[in-house]
There are 2 protein chains.
Amino acid sequence: MYIESALTRHDVTEAFPPHALTPQGPAHEHPAHPAGGVSLQSLFAKQPVEKFEAGTAVFWEGDAASHVFEVTEGVLRIFRMMNDGRRVITGFVYPGDLLGVSLERHYLYTAEAVTPVKLRRFARARFQHEIQNSPELRPQLFARLCDEMAAAQDQMVLLARKTAEERVASFLLVIARRLGAARETMPVVEIPMTRLDMADYLGLTIETVSRIMTRLTQRGVIEPNGRHAIFVRKLRLLATLAGECEEKAGVLHEAAPVRRAVWPQ
Amino acid sequence: MYIESALTRHDVTEAFPPHALTPQGPAHEHPAHPAGGVSLQSLFAKQPVEKFEAGTAVFWEGDAASHVFEVTEGVLRIFRMMNDGRRVITGFVYPGDLLGVSLERHYLYTAEAVTPVKLRRFARARFQHEIQNSPELRPQLFARLCDEMAAAQDQMVLLARKTAEERVASFLLVIARRLGAARETMPVVEIPMTRLDMADYLGLTIETVSRIMTRLTQRGVIEPNGRHAIFVRKLRLLATLAGECEEKAGVLHEAAPVRRAVWPQ
DNA sequence: CGGTCGGTTGAAGCGCATCAATCCAAGTGG
DNA sequence: CCACTTGGATTGATGCGCTTCAACCGACCG
C-alpha cells in the first residue's frame, strides 16, 4: 500500500490540456512586480526549460539541495515518507511557484510530477547571488515564504481538527479558488491529482476520500466531470461544509487577497 | 469545552523558576551572528522589556499586525480557532524566538502567554526598515523563516499520519531536545504547557494525552516529576516510539543541527 | 481477451473521542 | 486549622468516525 505509480502520459495529457495548468489570467497569479522591474519569474525566464513526465521525481528527500526551480507548467506533489512507508503530501506546486528554496544542505522532501511538468532551474549558489544583490527580488521571495507559512498553518488546522468532510470540502474550495474559476457561475474545477494524492494530503484514506466525494455528489454540492474534474454546484454550501472562519467564508473572488510584497525591501 | 483558563501566576512561577525558561547554554540557541556583527537579538536589545502574566494574550488573531516581538523569557502558545471553538495550537514560542513576523495586515493567530513572559517589541515599519537596511540581519530572518517552515512540515507529518502515541512521543522528544537536556544522562524535561495545550497542539484530546503519558510511565519510558516535568528514562525507545526517520533517530545532541545563516546575504 | 490500475462500494474492526466520575493540589474563607 | 471550592489531570465505560479488508467496476492496454 501507499505505493504511488505513475499516471500514464496519455491519461494525464488527455485529462489536462496544456491551457488548464499554465499560468494565465488572474488565477493563482503571483504579483508581477510593480513599476515593471525585475520579478522572480523574469529571473528564471532565461533558463532553459526542462520537462518531466508525470510520475517522475524532480528530486528526492535527502538529495543534496543543489538547485532552485520555478514551475512553468503542470503540477507537482511535495511529500515526505515515514520509515514504514506512510506518506504525507505537504503541498502541491503550481505554475509560477518556486520549488526547493530552503537553507538545508539536503532537500527535506521529494518533489514528483503529478502531470507532465515544465520547469526552469538555477544552481542554488547562483540563485542566492541573484537574490542577495537585488533589493527588488528579496521582498518577493520573502512574500512567497510568508504565503507558504500561512498555507502551512491552514493545513495544520485542517489536519488537527477538521472532520473528513471538512477536509475534502476545504481542499476542493482551495483548488477552486486557485484555478480562478471565480468568473464562471458554475465553476469547473480541475483536480489533477489522484485520490491517493488527495488522501495523503488530507490525512485520510482513498476510501474515505471517495466516500465523501460521492456523498457531496449525492447532495448536489458538486458534480463529477470525469475523474479529474468537478463542477461546483453549491459553492456557499461547500464553504460552510469546509468549516471556515467567517471572514474567509465569502465567495470565490473574495478569497484571492491582493498580495503585495511590502517588505522588507 | 476548549476554554483555556489562565494558570495562576503562583502555579507557574513555582513550577518554572526563571532559569528554566531563559536562553542559556547551547539549548535552543539561535545562531549568534559570526564575526561579532549585528544579530536579531541585539537589534531588540535596546527596546524596553514588557511583561505578560500567564494566560494573557500578547495579540489576537485578526488584530492589526502592528508590531514584531522578540521573546526574552517564558513560553507562549500560538493558536487559531475555528468557528465553533475548536482550537489548534500551531506552535510554541520560546526565548530567542521572534513573534508576529508576517506580511498580512492582521495577525493570523493569537499569541498567549503560557508562563509569565518577558518580551521586547518593534513597530513593524521600523522593524522592516532595520531589516531592509541590514545585509547582516536579512539572512538571519530568512533562516528563521526556513526553520519555521521545516518545523511546520514536521508537524504536518505528525498530524496527518502519526498515531496518538507517536504524537506524544514526538512532542516529548522535541521539547527534550529544545531544552538542551542532552548533557545529562537522565534528562529532566520541563513541560510548561497544560495537557489541554498539548492536546490542541497534537490534534488529540486531553484524555488521550493523559492516557498515553501514563502508559509511557508504566513502561518506564518516562517518569513524571510533578505535572509539568518528566525524566526521560529510555530516550532511544522514546525516539523509536516517535516514529522518526532513521537519519533523525539519534541521541539528543545529534538532533541539534548547526544552523548557519548561509544565504541570502 | 485477460491484466492492470484507479476508483467505488460494502462489511467489520479499532483507535480515539465522548461522557462521566474521581482524584489531587492549591486557594479561600470562616 | 479545617471545610469548601476550583481547575487540571487521571481513569473508566461507551460510542462513533474513520480505517481496514475485500469485492467489484470501468477504462485502458498489450
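Chain identifiers are assigned alphabetically (A, B, ...) following the order of the sequence lines, protein sequences preceding nucleic acid strands; residue numbering begins at 1 within each chain.
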- Determine the contact category for B:Arg195: base if any of its heavy atoms lies under 4.0 Å from a base atom, sugar-phosphate if only primed atoms, P, OP1 or OP2 are that close, otherwise nothing. sugar-phosphate
- Over how many whole Å does the gap from B:Asn225 atom CG to D:dA9 atom P extend? 15 Å
- Given C:dG10, D:dG12, C:dC24, the nucleotide with the shortest approach to the side chain of B:Arg211: D:dG12
- Got a donor-acceptor pair under 3.5 Å from the side chain of B:Glu207 to the base of C:dC19? yes
- Message: Measure CE/A:Met198 against P/C:dT8 and give the value in whole Å, please.
- Response: 9 Å
- Task: Return each pair, listed once, that meets ring pair (Phe, Tyr, Trp, His ring centres under 6.0 Å) where at least one residue sits in residues 199-227 of chain A; pairs must be two or more places apart or across chains.
- Result: A:Phe92-A:Tyr201, A:Phe171-A:Tyr201
- Message: Whether the side chain of B:Gln153 engages the backbone of B:Ala150 through a donor-acceptor N/O pair (distance < 3.5 Å, no angle test) should be reported.
- Response: no
- Spacing between B:Arg86 atom CZ and C:dA17 atom P, to the nearest angstrom: 13 Å
- Query: Is the closest basic N to carboxylate O distance between B:Glu165 and B:Arg215 below 4.0 Å?
  - Reply: yes
- Item | Inter-axis angle, terminal five-pair segments of the helix from C:dC1-D:dG30 to C:dG30-D:dC1 [nearest 10°] | 20°
- Message: So that I can tick it off, tell me whether B:Arg77 and B:Asp200 are bridged by a salt bridge, with the cut-off set at under 4.0 angstrom between side-chain N and carboxylate O.
- Response: no
- Query: Does a side-chain N or O from B:Thr205 land closer than 4.0 Å to OP1 or OP2 of C:dC16, or not?
  - Reply: no
- Message: Within the 4.0 Å heavy-atom criterion, would you say A:Gly203 contacts the bases, only the backbone, or no part of the nucleic acid?
- Response: sugar-phosphate
- Query: Taking OP1 and OP2 of D:dT11, is either one under 4.0 Å from a side-chain nitrogen or oxygen of B:Thr214?
  - Reply: yes
- Item | Results of salt bridge (charged side-chain N to carboxylate O under 4.0 Å, His left out) for B:Lys118 - residues two or more places apart only | B:Glu73
- Message: From CE of B:Met193 over to C1' of D:dG8, roughly how many Å is that when rounded to an integer?
- Response: 15 Å
- Task: Give the rounded distance in Å between these two atoms: CG of A:Leu202 and C1' of D:dC18.
- Result: 14 Å
- A:Arg227 vs A:Ala164, nearer the 5' end of DNA chain D by closest nucleotide: A:Ala164
- Side-chain (B:Lys234) to main-chain (B:Arg219) donor-acceptor, under 3.5 angstrom: yes
- For A:Asp84 and D:dT19, what is the distance between atoms CG and C1' respectively, to the nearest whole Å? 15 Å
- Query: Whole-Å distance between C:dC16 P and B:Ile212 CD1?
  - Reply: 6 Å
- Picking from C:dG7, D:dC18, D:dA9, which would you name as closest to the side chain of A:Leu204? D:dC18
- In whole angstroms, how far is the P atom of D:dG7 from the CG atom of B:Leu196? 14 Å
- Do NZ/NE/NH1/NH2 and the carboxylate oxygens of B:Arg161 and A:Asp84 come within less than 4.0 Å? no
- Closest to the side chain of A:Thr163, out of D:dT10, D:dC18, C:dT9, is D:dC18
